[in-house]
Peer 1: 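Take a look at this one; I'll ask things after.
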Amino acid sequence: MGIKLDNIFDAFSKNFIFRNKNILQSNYTPETILHRDEQIKQVASILRPALRLEKPSNLFLYGLTGTGKTLVVQYVRNQLLERAEKQKLNLKIEYINCKLKKVGDTEYRILAELLRKFGEDIPFTGLPTGQLYQKFTELIENKTQLFIIILDEIDQAVRRIGDGFLYTLTRINSELKNSQISLIGISNDTKFIDQLDPRIKSSLSEEELIFPPYNALQLKDVLASRSKTAFKEGVIGEGVINKCAAYAALSHGDARRALDLLRVSGELAERRGAKEVTEKDLDEAKEKIEKDRILDLIKTQPKQFHFVLYSILLLEENKKNKIFTGDIYRTYEKLCKNMVIECLTQRRVGDIIAEFDMVGIVNAKVISKGRGGRTREIKLAIPETLIPKVKEILEQSLNI
DNA sequence: CGAGATTCATGTGAAGTATACCTTTAGGCTTAA
DNA sequence: AAGCCTAAAGGTATACTTCACATGAATCTCGTA
C-alpha cells in the first residue's frame, strides 16, 4: 500500500526541476553572500561594540531594491546573535519590515510589533500609544541590556506617519538606565534621508552605508551559485542564467527580482512537465511576475478603491481626451448612484487617486491648465493585456 | 504690447466626526466556607 | 467574603468629511509706448 502511494505521489509531483526551491525565495539567507564582503565587514565593525554590550552607532543603510541590504543585515544579525548566545550576552536584535501593512505602517503598529517580539500580547487598537512606549521602555530595562532595532523600508513608514516616531525612539535612550537601544534604518529611497528633520537625520545616520547595485557579472555569480543548489543538475543552462542576470541588471541590478524571475521560470517549466528551464520560460516568467503583482495589488484594495478604479477604467475605455480628477469623480458619482452606494467626497477620491499613484496602478501628475484650473492628469499604468482581467475582478467585487 | 491682476478646478492641510475596538472599573450575582 | 461576569465609561486608530486656504499658468485688464 505504502509503495503504491509513493508511486502516485512521485508521478504526481514530477519533480524534475527543483532540488530546493526555498533557496530562490527572497527571504532566504544563504550561508555565503557573494559580492557584499565590503558591506558585511562594515556593518559588522559598526555593530561590533554590541558584543561588549556597548551601544553601537545608529546605522543607516540605503541602496536600491535588491542590492542586498536586508540580506547583509540579517546575516550580520545572525552572526552577532550566535556570538552573543555563546557569551551569554543579553543582546536582542529585532527586524521589522515597515512596509508590511499589518506590521508597520503606523507608529502604534510598529511599537506593538516590537512588543510582540518580547512575547507581549498587544491588541490591534485601543491602547494609548504612550502606554505602549512606557511598556516598551520597561521591558527593555528589565529584559535586555542592548536592543538593536532594524527598521526595513523605513521610508515607507515615515512617508505615511511622519518622522516623529523616530525621534521618540532615539530619545528613549535618555530614559533608560541599564540598557540602550540602537537603530538600524534601511531605505531604498536615497533622497529619503534628506527629507528628515535635521535632528533625526543626524542621530539616525551616525553611520551611513550605501549599497551599490550589483552589476551583470555579479548577478550572474549570485544566480549561478544559488541555482546550483536550488535546481537539479542540468536543469538550467548558462544561457538562461545569463539572460536572467542581464534582465535584472537592466532594472538597476535588482538581485531579488532576478531570483524571483529564476524561481518563477522554474515553476513554469515544472508545470509544463519539462525537464529543463528554457529562455522562453524566462520571458513568460517576466510577464507573469508583473501580472501577478498588479492583480494582487488590485485584489487587496478596499471596496471604495475598486469603485474609483472602475471609474478610471470606464473613462480610459472611451477616452477622447486626457483624464482629470473631476472627470473621475463625476463618473464615480454616477456609478455610486446607480449602485445605490454611499458616495465619498471629492476630497477623499483625490486622496485615493494619489494612493493609486503611489502604488503604481496609475500615473498621476499635478498640472495646471491655466485658467482651466489645477488638477491631476491621470493615466492608467496597467498593461493593455491585463485590463480585461482587472475589469473582471472589479466587476466581480462590485457586483456589476 | 507687456506687466500684473484675475480666475478656474483642484491640490492640500488641519480639524472634526463616526465607527470599531480596546482596557479599566464598578456593581451585581454566584459560590464556597 | 472572595471570585467571576457584565455593562458602562473612557481611550485610541482609522477612514472619512468639512472647512479653508494655496496653486500656477491661461486669460484678462489696463497703462504705456
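Keep in mind that what you see is a predicted model, and the values were worked out from it rather than measured. Reminder, nothing fancy here: chain letters follow the sequence lines and each chain counts from 1.
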Peer 1: Output all residues satisfying ring pair (Phe, Tyr, Trp, His ring centres under 6.0 Å) with A/Tyr75, sequence neighbours left out; order by chain, then residue number.
Peer 2: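 If we apply the ring pair (Phe, Tyr, Trp, His ring centres under 6.0 Å) test to A/Tyr75, skipping adjacent residues, there are no hits.
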Peer 1: B/dG11, B/dA14, C/dC16: which one has an atom nearest the side-chain heavy atoms of A/Val366?
Peer 2: B/dG11
Peer 1: In whole Å, what is the span from the CD1 atom of A/Ile367 to the P atom of C/dT23?
Peer 2: 18 Å
Peer 1: Apply ring pair (Phe, Tyr, Trp, His ring centres under 6.0 Å) to A/Phe231 and list each qualifying residue two or more places apart in sequence or on a separate chain.
Peer 2: A/Phe18
Peer 1: Can you tell me which residue pairs pass the salt bridge (Lys or Arg N to Asp or Glu O under 4.0 Å) test with a partner in residues 372-391 of chain A, sequence neighbours excluded?
Peer 2: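 Residue pairs with at least one partner in residues 372-391 of chain A: A/Glu317-A/Lys391, A/Lys322-A/Glu377.
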Peer 1: Taking only residues two or more places apart in sequence, or in another chain, which ones meet A/Asp357 in a salt bridge (charged side-chain N to carboxylate O under 4.0 Å, His left out)?
Peer 2: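 Per chain and number, A/Asp357 pairs via salt bridge (charged side-chain N to carboxylate O under 4.0 Å, His left out) with no residue.
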Peer 1: Residues from residues 369-382 of chain A sitting under 4.0 Å of DNA chain B, heavy atoms only?
Peer 2: A/Gly370, A/Arg371, A/Gly372, A/Gly373, A/Arg374, A/Thr375, A/Arg376
Peer 1: Counting only side-chain nitrogens and oxygens, does A/Thr345 get under 4.0 Å of the OP1 or OP2 atom of C/dT17?
Peer 2: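 Checking C/dT17 against A/Thr345, a side-chain N or O does come within under 4.0 Å of OP1 or OP2.
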Peer 1: Please state how far atom CZ in A/Arg348 lies from atom P in B/dG16, giving the value in whole angstrom units.
Peer 2: 19 Å
Peer 1: Other members of the hydrophobic cluster containing A/Ile23, with the 4.5 Å side-chain heavy-atom rule, please.
Peer 2: A/Tyr28
Peer 1: Can you check the A/Ile352 CD1 to B/dT10 P distance for me, whole Å?
Peer 2: 16 Å
Peer 1: Please give me every residue in residues 329-336 of chain A whose heavy atoms get under 4.0 Å of an atom in DNA chain C, ordered by residue number.
Peer 2: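 Correct list: empty, so none.
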Peer 1: Between B/dG11 atom P and A/Asp357 atom CG, what is the distance in whole Å?
Peer 2: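 Answer to the nearest Å: 12 Å.
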Peer 1: In this structure, how many angstroms lie between the P atom of B/dG11 and the CE atom of A/Met358, rounded?
Peer 2: 16 Å
Peer 1: Nearest-Å distance, CG (A/Leu344) to C1' (C/dA15)?
Peer 2: 9 Å
Peer 1: Please give, in whole Å, the distance from C/dA15 P to A/Lys303 NZ?
Peer 2: 17 Å
Peer 1: In residues 392-400 of chain A, what donor-acceptor pairs under 3.5 Å come from side-chain atoms, sequence neighbours left out?
Peer 2:
unit_1, atom_1, unit_2, atom_2, d
A/Glu395, OE2, A/Tyr310, OH, 2.7
A/Ser397, OG, A/His306, ND1, 2.7

Peer 1: For a quick check under 3.5 Å, do A/Thr278 and A/Asp281 share a side-chain donor-acceptor pair by atom type?
Peer 2: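 Side chains of A/Thr278 and A/Asp281: pair found under 3.5 Å.
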Peer 1: Separation of A/Asp351 atom CG from B/dG13 atom P, in whole Å?
Peer 2: 10 Å
Peer 1: Any pair with a residue in residues 345-396 of chain A that passes ring-ring contact (aromatic ring centres under 6.0 Å, His included), sequence neighbours left out, goes on the list, sorted by first then second residue, please.
Peer 2: A/Phe305-A/Phe356
Peer 1: Who pairs with A/Arg330 by side-chain hydrogen bond (donor to acceptor under 3.5 Å, both in side chains), at least two apart in sequence or on another chain?
Peer 2: A/Asp327
Peer 1: Considering only residues two or more places apart or on different chains, which pairs with a residue in residues 344-353 of chain A satisfy side chain to side chain donor-acceptor pair (under 3.5 Å)?
Peer 2: A/Arg347-A/Asp351
Peer 1: Is the phosphate of C/dA26 approached by A/Ser368 (side-chain N or O, under 4.0 Å from OP1 or OP2)?
Peer 2: no
Peer 1: Do A/Lys92 and A/Leu146 make a side-chain contact, defined as non-hydrogen atoms from C-beta onward lying under 4.5 Å apart?
Peer 2: no
Peer 1: Which ones in residues 307-317 of chain A lie close to DNA chain B, meaning a heavy atom under 4.0 Å from one of its atoms?
Peer 2: none
